[in-house]
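Heads up, the thing below is written out as C-alpha cells.
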Amino acid sequence: MQVIETLAEGLRREIKVVIPAKDMEDKMNERLADVKDKVRINGFRPGKVPAAHLKKVYGKSIMADLVNEIVREQPAAILSSRGEKSATQPEIAMTEDKDEADKILTAQQDFEFTLSYEVLPPIELKSVKGIKVTREVIDISDDEVNEQVLKVAESARSYESKTGKAANGDRVTMDYVGKVDGEAFEGGTDQGAELVIGSGRFIPGFEDQLVGVKAGEEKTITVTFPADYPAKNLAGKEATFDITVKDVAAPGAVEINDELASKLGIESADRLKEIVRGQIESQYGSLTRQKLKRQILDQLDEMYKFETPASLVDAEYNGIWSQVNNDLAQSGKTFEDEDTTEEKAREEYKTLAERRVRLGLVLSEIGEKAGVEVTEDEMQRAIYDQLRQYPGQEKQILEFFRSQPGAAASIRAPIFEEKVIDHLLTEIDVTDKKVTKEELLAEEEGEAKAETKKAAPKKKAAAKAEAADAGEGEEAAPKKKAAPKKKASEDGAE
C-alpha cells in the first residue's frame with residue numbers, strides 16, 4: 001500500500017492511498033481459500049469447486065467487502081502512523097466511474113482513494129501560574145433565608161372557598177376559552193385552571209378583571225397580548241376570554257412552623273430553613289463559578305493564539321447562527337431591530353465560534369496532560385438528569401443515546417470541561433473577595449450589557465451561545481400553554 005501526501009497547507013491534509021491490484025487479488029484469493037470448503041454450489045462436491053469458478057461466483061462480492069474494510073479501517077491507521085489527529089471524520093473519495101469500479105472489483109486496476117481532513121493543531125501548553133482570578137463570595141443573611149422561606153410558605157398556603165367577591169390575593173378556579181376575532185385559538189382553552197389574583201402569572205390586564213367575580217359567574221374578559229409574545233400569531237392582538245368561575249377561595253394564614261415543613265415532606269421548620277439556605281448558596285455559588293470560569297477562559301484566550309480547524313469552527317458557527325435565527329424568528333425581529341446588520345452579526349459570531357473552538361482544544365489538551373477523566377458514574381448521573389427533565393420520554397432518550405455515537409460525547413464534554421476547570425483552580429492564583437448580593441448581581445448585569453453591545457442580537461438562545469463560554473446555559477423545558485399566560489421566562493413556578 002502506497003500512502004502519498006498530496007496536500008499539506010496549514011491544517012489541511014490530503015492523502016492519496018494506492019493498493020496495487022496484485023495485493024487486492026492476493027487478499028481476495030486468501031478469502032476464497034477460506035470459504036472453499038464451506039460453500040455449496042450445484043454440480044460440485046464440497047471443497048471441490050475449481051478456483052476459477054469460485055472466483056467467478058464470489059470474487060466481486062469478496063472484493064467489495066475488502067474495499068469496504070479498507071476504507072473503514074485504514075484512515076485511522078494511516079493517521080496514527082503519521083502521528084496526526086483529525087479534527088473531524090476524514091472525507092473519503094473514490095472513483096465513481098462504473099467501468100473503473102468494475103476493474104477494481106475484478107483486480108484489473110489498482111484500488112485508489114483519497115483522504116481529505118484537517119489535523120488538530122499542535123498545542124504547546126504554557127504555565128498557568130501567571131493566571132490570577134478573583135472568586136467573589138457572599139454571606140447569606142438570615143433575613144434573606146427567611147424571605148425565601150416565606151415565599152415557600154406562601155406557595156404552600158391553603159385556601160378556603162368563600163361566597164363573596166374575589167379580591168386581590170384570592171384564588172380563582174375557572175374554565176376559559178380564548179378567542180381572537182371570534183375564533184378559539186390553540187392553547188387558549190383550559191378547565192379547572194387556578195389563578196391567584198395579583199400573582200402576575202397571566203398576561204397584563206387579565207387578573208385585574210377577575211377582581212369582584214363570584215363562584216358560578218360567567219364573564220368575558222378582553223385583553224391585548226404583548227407585542228413580544230412568543231406566539232407570533234397572537235403577539236399584539238386583542239383577545240377575549242369567555243370565563244366560567246368555578247370557585248373563589250380566600251388565602252389562609254402563612255405560618256412558618258413544623259406543620260408547614262411536614263406539608264412539604266420535611267421533618268421540621270429548622271430543616272426547611274437549612275434546605276433553603278443551601279439552595280440560595282448553590283444559586284450564588286453557580287453565579288460565582290460562572291464569573292470565575294469566564295476570567296480563566298479570558299486569560300487562556302489571551303495566552304493561546306493558533307490556527308483553528310475550519311471544519312470545527314464552521315460546525316460551531318452553524319450551531320450558533322441557527323440559534324440566533326430561531327430566536328429572531330420567534331420574536332419577529334430583524335437584525336436592524338437589534339441595532340446591527342446580518343453581515344456584522346455573522347462576523348461577531350464567527351469570532352465567537354473561533355474562540356470557543358480554540359479554548360475547547362486548549363482545555364482538552366490541559367485535561368489530557370493532567371489525566372482528567374469522566375467516570376461512568378458521572379456519565380450515568382448526567383444521563384439520569386436528562387431523563388428527569390422529560391418524564392414519560394425516558395425510553396426515547398435512552399434509545400437516542402444508544403443509537404447516536406455523538407450523543408454520549410455531548411454529555412461527556414461539559415463534564416470533562418468542568419473537571420478541567422477544577423484542575424486549573426488548584427494550579428492558578430485564586431483570591432477570595434467578599435461581596436454583597438447587590439454587588440454580585442450588579443456586576444453580572446454590567447457584563448451582560450457589555451456582551452450585548454459586543455455582538456448583538458444576544459438574547460435568549462443567542463445569549464446562551466455566548467454564555468456557554470462561562471458554563472452558563474438554559475435547560476430545555478416543555479412549553480407552557482400559549483395563553484393567557486406570559487412567556488415562560490416571566491411565569492415562574494406554578
Thinking salt bridges, do Asp102 and Lys60 make one under a 4.0 Å N-O criterion?
->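 Salt bridge flag = yes for Lys60 with Asp102.
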With a 4.0 Å cut-off, would you call Arg271 and Glu274 a salt bridge?
->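 So Arg271 pairs with Glu274 through a salt bridge.
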Between [X] and [Y] (side chain of the first, backbone of the second, donor and acceptor by atom type, cut-off under 3.5 Å), is there such a pair?
X: Glu183; Y: Val180; value: no
X: Glu394; Y: Gly392; value: yes
X: Asp110; Y: Ala21; value: yes
X: Tyr176; Y: Gly192; value: no
X: Asp23; Y: Ile19; value: no
X: Ser403; Y: Glu399; value: yes

Side chains of [X] and [Y], donor plus acceptor under 3.5 Å:
X: Ser116; Y: Glu91; result: no
X: Thr106; Y: Gln108; result: yes
X: Thr308; Y: Glu354; result: no

May I ask you to test the Val137-Tyr284 pair for a side-chain heavy-atom distance under 4.5 Å?
->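 They are not in side-chain contact.
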Close side-chain approach of Leu120 to Ser86, heavy-atom, < 4.5 Å =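 Not touching, per the 4.5 Å side-chain cut-off.
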Tell me, please, which residues at least two apart from Thr351 pass side chain to side chain contact (heavy atoms under 4.5 Å, CB included).
->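 For Thr351, no residue satisfies side chain to side chain contact (heavy atoms under 4.5 Å, CB included) once neighbours in sequence are set aside.
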State whether the number of non-hydrogen atoms from other residues, nucleotides or ligands found under 6.0 Å of Glu124 atom CD is greater than 12.
->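 No - once you tally the heavy atoms of other residues, nucleotides and ligands closer than 6.0 Å, there are 12 at most.
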For Lys419, look at atom NZ and say whether over 12 heavy atoms of other residues, nucleotides or ligands are found less than 6.0 Å away.
->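 Enclosed: over 12 neighbouring heavy atoms sit under 6.0 Å from NZ of Lys419.
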List the steps and the verdict of side-chain contact (heavy atoms from CB on, under 4.5 Å) for Met1 and Val18.
-> CA-CA 6 Å; Met1 181 174 68; Val18 182; over 6 Å; no
Tyr317 six-ring centre to Lys350 NZ/CZ under 6.0 Å and within 45° of normal |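 Yes - Lys350 lies over the ring of Tyr317, closer than 6.0 Å to its centre and within 45° of its axis.
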Verdict with supporting geometry, Lys22 and Asp26, salt bridge (Lys or Arg N to Asp or Glu O under 4.0 Å) | CA-CA 6 Å; Lys22 182 65 169 62; Asp26 289 344; 3.0 Å; yes
What heavy-atom pair brings Glu14 and Thr114 nearest, and what distance separates the two atoms?
->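 So the two residues come closest at CG-CG2, 3.4 Å.
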Quick one: closest heavy-atom pair of Gln74 and Phe113, and the distance?
->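 Taking every non-hydrogen atom into account, CB-CZ, 4.5 Å.
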Give the intermediate values and the outcome of side-chain contact (heavy atoms from CB on, under 4.5 Å) for residues Glu112 and Met94.
-> CA-CA 7 Å; Glu112 298 182 7; Met94 297 182 289; over 6 Å; no
Step-by-step side-chain contact (heavy atoms from CB on, under 4.5 Å) determination, Gln295 to Lys132 | CA-CA 8 Å; Gln295 293 177 63; Lys132 296 182 179 181; over 6 Å; no
